[in-house]
Amino acid sequence: MKNSSALVIVDLQNDFCPGGALPIPEGDGIVPVVKRYLDLFMAAGVPVFFTRDWHPARTVHFKEFGGLWPPHCIQETEGARFHPGLKIPADAVIITKGESPEGDSYSGFDGHDAVGLDFEDSLKGRGITHIYIGGLATDYCVKATALDGLGRGFKVTVLLDAIRGVDANPGDSETALEDMMAKGADTSTVDEIEFA
Ligand code: VGL
Ligand code: ZN
């Protein structure tokens with residue numbers, strides 16, 4: 001079974017961590033446990049994907065152009081880099097999303113890999129049917145990616161100890177999690193993880 005699984009770490013980038021342009025409370029707090037997941041999954045030979053938010057300087061995603069957010073994760077900037085505490089494995093697949101000036105693209109399924117293959121095809125091409133999702137933020141990109149995955153027929157496990165939320169309104173992350181579970185997502189923590 002484990003050869004039909006993948007680990008998907010969503011948007012663990014500098015701008016979403018304390019000191020960044022759109023800091024998520026304790027966003028960097030997941031780095032140690034994400035490293036444990038990476039070690040576990042890589043030791044089991046399970047493919048690892050990292051999504052990244054990758055915006056142009058001008059996009060309707062940003063407040064000044066009609067969106068919700070301060071400018072963040074602008075292509076090629078320090079803020080768009082992955083958290084420096086992560087060692088991105090050489091064979092990890094990077095999924096880039098958010099490049100359109102005309103949308104939000106919260107979901108990893110809006111993204112594509114280095115050769116332009118979209119995320120879904122990149123997963124399916126590797127025979128992956130089950131994705132384990134961690135990263136930032138619970139109430140935006142983690143949720144959107146999980147729901148899109150479920151909608152496309154993937155089995156989805158949300159890694160409870162490897163996510164953090166924006167919580168613009170208190171409870172948003174809890175609601176997001178309930179939403180994901182109601183639509184069929186399972187949950188796990190690193191101590192109880194099974195590749196099944
Ligand atoms: C995200 C807000 C804006 C996320 C991205 O990665 O969850 N949130 N852009
Ligand atoms: Zn964004």
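Read the numbers this way: they start at 1 and go in the same order the structure lists the ligands and their atoms.
Between the side chain of Asp172 and the main chain of Asn169, a donor-acceptor pair closer than 3.5 Å is present.
In this pair, His55 and Phe62 present their aromatic rings perpendicular. The plane angle is above 60°, beyond the 30 to 60° band. Relative ring orientation between His72 and Trp69 is described as perpendicular, the plane-to-plane angle rising above 60° on a 0-90° scale split at 30° and 60°.
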Determine, step by step, whether Asp148 and Tyr106 satisfy the side chain to side chain donor-acceptor pair (under 3.5 Å) criterion, reporting the C-alpha distance in whole Å, the side-chain angles of both residues, the deciding distance to 0.1 Å, and the verdict. CA-CA 10 Å; Asp148 271 355; Tyr106 292 121; over 6 Å; no
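Per-residue contacts place Trp69 under 4.0 angstrom from the following atoms of ligand 1 (heavy atoms of the residue considered): 2 (C), 3 (C). Listed by number with element, the atoms of ligand 1 under 4.0 Å from a non-hydrogen atom of Asp11 are 4 (C), 6 (O). Close approach to His61 involves these atoms of ligand 1, each under 4.0 Å from a residue heavy atom: 3 (C), 9 (N). The atoms of ligand 1 that sit less than 4.0 Å from any heavy atom of Tyr140 are 7 (O), 8 (N).
Rounded to the nearest 10 degrees, the angle NE2 (His55) to the Zn ion (ligand 2) to NE2 (His72) equals 100°.
At a 3.5 angstrom cut-off on N or O pairs, Tyr106 does not count as close to ligand 1. Below 3.5 Å of separation, one finds an N or O of Ala137 facing an N or O of ligand 1. Between Asp53 and ligand 1, at least one N/O pair is under 3.5 Å apart.
In this structure, Glu26 places its CD atom where only 12 or fewer heavy-atom neighbours from other residues, nucleotides or ligands lie under 6.0 Å away.
Heavy-atom separations between Gln13 and ligand 1 are all 4.0 Å or longer.
One finds no salt bridge joining Lys35 and Asp39 here, because no Lys/Arg side-chain nitrogen approaches an Asp/Glu carboxylate oxygen to under 4.0 Å. Ionic pairing of Arg36 and Asp191 is present here: one or more N-O contacts between side-chain nitrogen and carboxylate oxygen are shorter than 4.0 angstrom. Residues Asp11 and Arg52 are not paired through a salt bridge, judged by the lack of any N-O separation under 4.0 Å between the basic side chain and the carboxylate.
At a cut-off of 2.8 Å, Asp53 coordinates the Zn ion (ligand 2) through an N, O or S atom.
For atom 1 (C) of ligand 1, the closest heavy atom belonging to the protein is Cys141 SG, 3.4 Å.
Counting heavy atoms under 4.0 Å from ligand 1, residue Leu136 touches it through the backbone alone.
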